> 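Questions regarding the structure given below will be posed in turn.
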Amino acid sequence: TSGGRSSRRWNSGGSIAANSANAILNGNSNRNAPNNKNNNNNKNNRARPTYRAFICLTGQLPRLELANKIDNLFLPWTTHPTYQIQIDVALVLTDTSHHSVDRQGHREQQYYSIRQVYDDLSSIAGVRVINADLDVQAQHPILNPHYVKQRGHDSTMNSTQLLERVQNHVRQFESLARCSYYMNAALADGAGV
């Protein structure tokens, strides 16, 4: 790529970026698509178009299934034969294990520090992790009483379970706000924070 600021930008619309990347990966995009007739002859003479993506990993470090994300998201995007997709990644992960839904099966914890996640993702060519700090979420977030009442309507949960579930929702909202912060900072900078 030319290395100019505009070639390093990614689409700030998450669903648009994901849909565009899916179209690219599935061969449904004709924007800058190489001419298939000449593809074999000119493969080495022509630079692959570069696209940027932003991914924000949220959640709980003890429950992070990063190997699955690397195999099914990061590697297919960064090793695509027709397009070059460079990925900015924000980590909004906590080291807590709050949960209000019992999941089937047991998951082995693979990561014990945010640095391990940072190192594994940073080792992938085309991936730049833009932060390496652990997200600290409020243990007892401020709750809107109207939201608590709405979530409790027709619920089979007792008041303690309901409170825990609503607190988890608020923590998720806080994580999304952090993702937005990192995305906007990287977009303003043109290359990450």
Side-chain angles (χ1 to χ4, degrees), residues 10-23 25-26 52-74 76-77 87-121 127 129-189 192-193:
W10 36 264
N11 190 330
S12 63
S15 62
I16 294 170
N19 289 336
S20 297
N22 285 332
L25 294 175
N26 293 323
R52 294 204 65 77
F54 176 84
I55 296 174
C56 187
L57 294 178
T58 66
Q60 301 165 347
L61 192 59
R63 298 172 62 189
L64 181 65
E65 296 178 355
L66 187 60
N68 187 31
K69 291 170 181 61
I70 288 173
D71 291 344
N72 295 301
L73 181 65
F74 290 98
W77 279 12
I87 304 172
D88 290 322
V89 179
L91 303 176
V92 181
L93 301 168
T94 67
D95 61 356
T96 60
S97 60
H98 297 288
H99 67 280
S100 57
V101 176
D102 291 326
R103 300 282 180 210
Q104 297 294 324
H106 177 71
R107 296 180 185 157
E108 293 290 325
Q109 183 171 351
Q110 296 176 335
Y111 293 92
Y112 293 90
S113 77
I114 196 80
R115 190 66 200 189
Q116 290 175 299
V117 176
Y118 178 92
D119 289 344
D120 277 5
L121 287 173
V127 173
V129 183
I130 58 177
N131 69 307
D133 52 329
L134 195 61
D135 191 50
V136 179
Q137 294 181 334
Q139 291 299 310
H140 303 285
I142 298 172
L143 305 177
N144 182 323
H146 298 292
Y147 184 69
V148 176
K149 183 178 178 181
Q150 177 193 30
R151 298 309 304 160
H153 182 69
D154 292 335
S155 175
T156 59
M157 294 182 173
N158 66 38
S159 60
T160 303
Q161 292 170 323
L162 178 64
L163 181 63
E164 184 178 345
R165 185 170 198 177
V166 171
Q167 287 176 332
N168 286 340
H169 288 181
V170 172
R171 289 183 193 104
Q172 290 171 347
F173 301 152
E174 290 173 350
S175 293
L176 292 175
R178 294 290 297 160
C179 287
S180 177
Y181 164 80
Y182 285 119
M183 183 176 68
N184 287 326
L187 184 61
D189 184 41
V193 286

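This is a predicted model, so every value here is computed, not measured.
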> Under the side-chain contact (heavy atoms from CB on, under 4.5 Å) criterion, do T58 and L93 qualify, and how do the steps go?
CA-CA 5 Å; T58 66; L93 301 168; 5.6 Å; no

> Working to the nearest 0.5 angstrom, can you tell me the gap between L66 CG and L57 CG?
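Taking CG in L66 and CG in L57, the distance rounds to 6.5 Å.
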
> Considering all heavy atoms of both residues, which atom of I130 and which atom of A186 are nearest to each other, and what is their separation?
CD1-CB, 4.1 Å

> To the nearest 0.5 Å, what is the distance between CZ (R165) and OG1 (T160)?
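These two atoms lie 15.0 Å from each other.
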
> Hey, mind stepping through I87 and F54 against side-chain contact (heavy atoms from CB on, under 4.5 Å) and telling me if it holds?
CA-CA 6 Å; I87 304 172; F54 176 84; over 6 Å; no

> Give me the atom names and distance for the closest heavy-atom approach of Y147 to F173.
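Minimum heavy-atom separation between Y147 and F173: OH-CZ, 3.8 Å.
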
> If you compare all heavy atoms of L64 against all heavy atoms of Q110, which two are closest, and at what distance to 0.1 Å?
O-OE1, 4.4 Å

> Rounded to the nearest 0.5 Å, what separates atom CZ in R63 from atom CD in Q60?
5.0 Å

> Given D88 and I55, is the side-chain contact (heavy atoms from CB on, under 4.5 Å) satisfied, shown in steps?
CA-CA 6 Å; D88 290 322; I55 296 174; over 6 Å; no

> Counting C-beta onward and ignoring hydrogens, is there a side-chain heavy-atom pair between V127 and V89 closer than 4.5 Å?
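Yes. Closest side-chain heavy atoms under 4.5 Å.
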
> For the residue pair N168 / R171, report whether a side-chain donor-acceptor contact shorter than 3.5 Å exists.
yes

> How many angstroms lie between atom CG of D133 and atom OH of Y118, to the nearest 0.5 angstrom?
11.0 Å

> Could you report the tightest heavy-atom contact between L61 and I114, atom names first, then the distance?
CD2-N, 3.9 Å

> Could you please spell out the steps behind the side-chain contact (heavy atoms from CB on, under 4.5 Å) verdict for I142 and V170?
CA-CA 8 Å; I142 298 172; V170 172; over 6 Å; no

> Check for a donor-acceptor pair, side chain of N131 on one end and backbone N or O of L91 on the other, with a separation under 3.5 Å.
yes

> By side chain to side chain contact (heavy atoms under 4.5 Å, CB included), which residues pair with L163, not counting sequence neighbours?
L143, Q167

> Among all residues two or more places apart in sequence or in another chain, which pass the side chain to side chain contact (heavy atoms under 4.5 Å, CB included) test with Q116?
Y111, Y112, S113

> Answer whether the closest heavy-atom distance between the side chains of V129 and D119 falls below 4.5 Å.
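No, too far: nothing below the 4.5 Å cut-off.
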
> Minimum heavy-atom separation for M157 and Q161, please, with both atom names.
CA-OE1, 3.4 Å

> Return the SG to CZ distance between C56 and R178, rounded to the nearest 0.5 Å.
9.5 Å

